[in-house]
Amino acid sequence: MGRELSSDYAEYVRRTALRLPTVGIDIGGTKIAAGVVDGEGRILEQLRTETPHKSKSPKVVEDVITELVLALADRHDVHAVGIGAAGFVDAQRARVLFAPHLSWRNEPLQEALSDRLGLPVIVENDANAAAWAEWRFGAGAGEEHLVMVNLGTGIGGAIVHGGRLERGRYGMAGEFGHMTVVPGGHRCPCGNRGCWEQYSSGNALVREARELAAAESPVAQPLLDRVEGDVASITGPLVTEAAQEGDPCAVELLQEIGQWLGLGLANLAAALDPGRFVIGGGVSAAGELLLRPAREAYRRNLTGRGFRPEAEIFEAELGNTAGLIGAADLARGRARRFRTVKRARVERAERVSRTGVGRRRTQWWTPLER
């Protein structure tokens, strides 16, 4: 991208120069994507399948993940697996405490999959994984203080500071979408009212568009024409497409979403003072139709405006592959340790086989070697 790397970032790249391929898994509400990723963030092969319904047992989801990883491992020499999952992940990156789209409740996912795959596994929140990917390979490269905001169905977020993901004391930092911006405002599925994601997200965009259309507002007629009068068929991508083609109503709707986005970013700047915001998620496909009003609102609401540096606001570069790439890259550290330990154990086995010294009657290998 032509930006100069900071000394800390350059040192990070030097220390992690090992280019072992790893598998990244991105678990969404409707699709599970799995891919082999190299040390440069390139996806060598990718597979996708439907996400099992959340009413099904945790083992069903683990079966799907296992099948995807084994299919990729048949064709690639993979060394570790990173799982990016929407929901709360514990600070040890081992358990999914709660996943809204799945039946995972305090699920020991790392242990279950490590035993089945014979590979090191890490579990990470999907927004953290996406932010890591953008910091390593995308729009956040070279910035030591990065905040990523993902506008999808709701709002997810993550913080990268000094080459580390800031996960918080309990592993749950970055739930920016549930900051209250309108006390007593729209009800949020989290149980509160007035959460940020009720005003700046894919759901908010669709809600506003459908309300206008249902009220038979003349300004919404072009949107209704696109769906042949079926209000329920109005979606976020449809509104974005209409705005990109110049529909004034759709443009205005995205401007409103952008203004709420800028307000929330100003609040985050007051608390975190990042050098750069990266905006990802499906709504970010609107590009400058969203980001231009967001930047304007950000400047209007920034604490100390005019007397302090302003964080840059960039659109994410890696799209819907960011979570997969980030999860795979985060697993690479485990891959290095796994390969070192495995090599040492193989050498020991060979030495025992040659000399008989150190032979035991009980097996000494671990499930990681299966």
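No hydrogens, no waters, no symmetry mates; every other heavy atom, side chains included, goes into these values. Just so you know, residue 1 is the first one in the sequence shown, and it goes up from there. Given the structure is predicted, the values throughout are model-derived calculations rather than measurements.
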Test item: [X] and [Y] side chains (from C-beta on) under 4.5 Å apart, heavy atoms:
{"X": "Val160", "Y": "Arg164", "value": "no"}
{"X": "Thr66", "Y": "Leu113", "value": "yes"}
{"X": "Ile27", "Y": "Ile65", "value": "yes"}
{"X": "Tyr170", "Y": "Phe88", "value": "no"}
{"X": "Phe277", "Y": "Phe314", "value": "no"}
{"X": "Leu318", "Y": "Glu134", "value": "yes"}
{"X": "Phe137", "Y": "Asp329", "value": "yes"}
{"X": "Ser284", "Y": "Leu151", "value": "no"}

Can you tell which of Val181, Leu265, Ile155 makes a side-chain contact (heavy atoms from CB on, under 4.5 Å) with Trp260?
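Answer to the side-chain contact (heavy atoms from CB on, under 4.5 Å) test with Trp260 among Val181, Leu265, Ile155: Val181.
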Flag if over 12 foreign heavy atoms under 6.0 Å of CD, Glu111
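No, the 6.0 Å shell around CD holds no more than 12 heavy atoms from other groups.
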Assess, by modelled atom type and distance only, whether the side chains of His161 and Glu144 contain a donor and an acceptor separated by less than 3.5 Å.
no
Answer with yes or no whether the hydrophobic clustering places [X] together with [Y]; edges join I, L, V, M, F, W, Y residues whose side-chain heavy atoms lie under 4.5 Å apart.
{"X": "Met172", "Y": "Trp104", "answer": "no"}
{"X": "Leu47", "Y": "Leu117", "answer": "yes"}
{"X": "Leu165", "Y": "Leu268", "answer": "no"}
{"X": "Ile32", "Y": "Leu44", "answer": "yes"}
{"X": "Val96", "Y": "Val64", "answer": "yes"}

Return the minimal non-hydrogen interatomic distance between [X] and [Y], and the atom names on each side.
{"X": "Val149", "Y": "Leu261", "value": "CG1-CD1, 4.3 Å"}
{"X": "Leu119", "Y": "Val78", "value": "CD2-O, 3.8 Å"}
{"X": "Ala328", "Y": "Thr22", "value": "O-OG1, 2.7 Å"}
{"X": "Glu315", "Y": "Val278", "value": "C-CG1, 4.4 Å"}
{"X": "Leu302", "Y": "Ala269", "value": "CD1-CB, 3.7 Å"}
{"X": "Asp126", "Y": "Gly84", "value": "CB-C, 4.1 Å"}

Salt bridge check, [Y] against [X]: does any charged N sit closer than 4.0 Å to a carboxylate O?
{"X": "Glu45", "Y": "Arg75", "result": "yes"}
{"X": "Arg167", "Y": "Glu124", "result": "yes"}
{"X": "Asp63", "Y": "Arg116", "result": "yes"}
{"X": "Arg95", "Y": "Asp90", "result": "no"}

Nearest 0.5 Å please: distance from the [atom1] atom of [X] over to the [atom2] atom of [Y].
{"X": "Arg295", "Y": "Ile313", "atom1": "CZ", "atom2": "CD1", "value": "6.0 Å"}
{"X": "Gln259", "Y": "Arg300", "atom1": "CD", "atom2": "CZ", "value": "6.0 Å"}
{"X": "Cys249", "Y": "Glu208", "atom1": "SG", "atom2": "CD", "value": "10.5 Å"}

Relative to the ring of Tyr199, is the ring of His186 parallel (under 30°), tilted (30 to 60°) or perpendicular (over 60°)?
tilted
Mind running side chain to side chain contact (heavy atoms under 4.5 Å, CB included) on Val23 and Leu324 for me, showing each step along the way?
CA-CA 8 Å; Val23 173; Leu324 183 157; over 6 Å; no
So salt bridge (Lys or Arg N to Asp or Glu O under 4.0 Å) across residues 264-274, not counting sequence neighbours, yields Asp273-Arg308
